[in-house]
Amino acid sequence: MRNTLKTLFFTFIFSLLFYSPVNAQAESLTQERKVELKNLLVQDCGSCHGMTMKGGLGPALTPDVLASKSRQMIEITITHGRPGTPMPPWNTILTKQDINWIVDTLYAGIKHE
Ligand code: HEC
């Protein structure tokens with residue numbers, strides 16, 4: 001009985017340690033915020049990267065193109081921009097979570113209803 005409780009306790013602690021940060025992040029964006037971010041992607045990012053992310057002034061950001069690029073590079077680029085190029089920094093209006101969601105969405109491909 002004691003051991004069962006111990007096992008349950010540690011399983012609980014470990015699941016908190018390993019799973020909750022990921023889930024908490026994904027879940028803490030409201031549906032409203034996700035809609036706002038999608039609009040931002042299509043309209044603002046789209047003004048340079050193309051409404052369908054196939055490229056324009058900025059390079060294409062489609063899933064096939066991004067597949068070979070590191071998440072860290074993409075996040076840093078969105079957060080801080082690329083000084084000396086038209087790519088602006090977004091950390092003034094987007095949180096880490098927002099950027100995380102944007103990167104997930106770009107990797108998966110934006111669904112155009
Ligand atoms: C004013 C134009 C402009 C806007 C707006 C813009 N970008 Fe960019 N972006 C660029 C340019 C130009 C580059 C290429 C910079 C370079 O030469 O390295 C770039 C590069 C990037 C890259 C790196 C791509 C790669 O393969 O290296 C990512 C990711 C990116 N932008 C995402 C975004 C996202 C997400 C948004 C909206 C939140 C956005 N951009 C808005 C112009 C823009």
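Order of listing sets the numbers, starting from 1, for every ligand and every atom in it. Predicted, not measured: the structure shown is a model, and the values here were computed from it.
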Side chains of Met53 and Leu41 in contact at under 4.5 Å (non-hydrogen atoms): yes
What is the closest protein heavy atom to atom 34 (C) of ligand 1, and at what distance does it sit? Cys45 SG, 3.4 Å
Do Met51 and Val35 land in one hydrophobic cluster if side-chain heavy atoms of ILVMFWY residues count as linked below 4.5 Å? no
Under 4.0 Å from one or more heavy atoms of Asp44, ligand 1 contributes atoms 5 (C)
Within the distance-only criterion (no hydrogens, no angle test), does the side chain of Lys111 pair as donor or acceptor with the backbone N or O of Gly109 below 3.5 angstrom? yes
Would you mind listing which atoms of ligand 1 come within a distance below 4.0 Å of any non-hydrogen atom of Thr77? 21 (C), 22 (C), 23 (C), 28 (C)
From the options Pro83, Ala60, Gly55, Cys48, select the one whose nearest heavy atom is closest to atom 4 (C) of ligand 1. Cys48
Atom indices of ligand 1, in the order listed, that fall short of 4.0 Å to a heavy atom of Thr85: 15 (C), 16 (C), 17 (O)
Indicate if the distance from atom 8 (Fe) of ligand 1 to the nearest N, O or S atom of Met87 falls below 2.8 Å. yes
Protein residue, atom and distance nearest to atom 28 (C) of ligand 1, heavy-atom basis: Leu61 CD2, 3.7 Å
Counting from 1, what ligand 1 atoms have a heavy atom of Pro86 closer than 4.0 Å? 1 (C), 2 (C), 12 (C)
Taking only non-hydrogen atoms of Gly58 and a 4.0 Å limit, the atoms of ligand 1 in range are 10 (C), 11 (C), 12 (C)
Under a 4.0 angstrom heavy-atom cut-off, which atoms of ligand 1 come close to Leu57? 12 (C)
Does Gly56 offer a backbone N or O that forms a donor-acceptor pair with the side chain of His49 under 3.5 Å? no
Going by heavy-atom distance to atom 8 (Fe) of ligand 1, choose the closest among Lys69, His49, Arg82. His49
Ligand 1 atoms nearer than 4.0 angstrom to some heavy atom of Ile74 are 29 (C)
Identity of the nearest option to atom 35 (C) of ligand 1, non-hydrogen atoms only, from Leu37, Ile99, Ile78: Ile78
Run through Ile99, Leu29, Thr105 and flag the one making a side chain to side chain contact (heavy atoms under 4.5 Å, CB included) with Leu37. Leu29
Sequence neighbours left out, what pairs pass side-chain hydrogen bond (donor to acceptor under 3.5 Å, both in side chains) with at least one residue falling in residues 71-88? Arg71-Glu75, Arg71-Asn100, Arg71-Asp104, Thr77-Arg82
So, applying side-chain hydrogen bond (donor to acceptor under 3.5 Å, both in side chains) with Glu36, which one of Lys38, Arg33, Lys34 is it? Arg33
Write down the atom of Tyr107, the atom of Pro63, and the distance for their closest heavy-atom approach. O-CB, 3.2 Å
Are Met73 and Leu94 grouped together when hydrophobic residues (ILVMFWY) are joined by side-chain heavy atoms under 4.5 angstrom apart? yes
With a heavy-atom distance limit of 4.0 Å, tell me whether Pro59 approaches ligand 1 through its side chain, its backbone, both, or neither. side chain
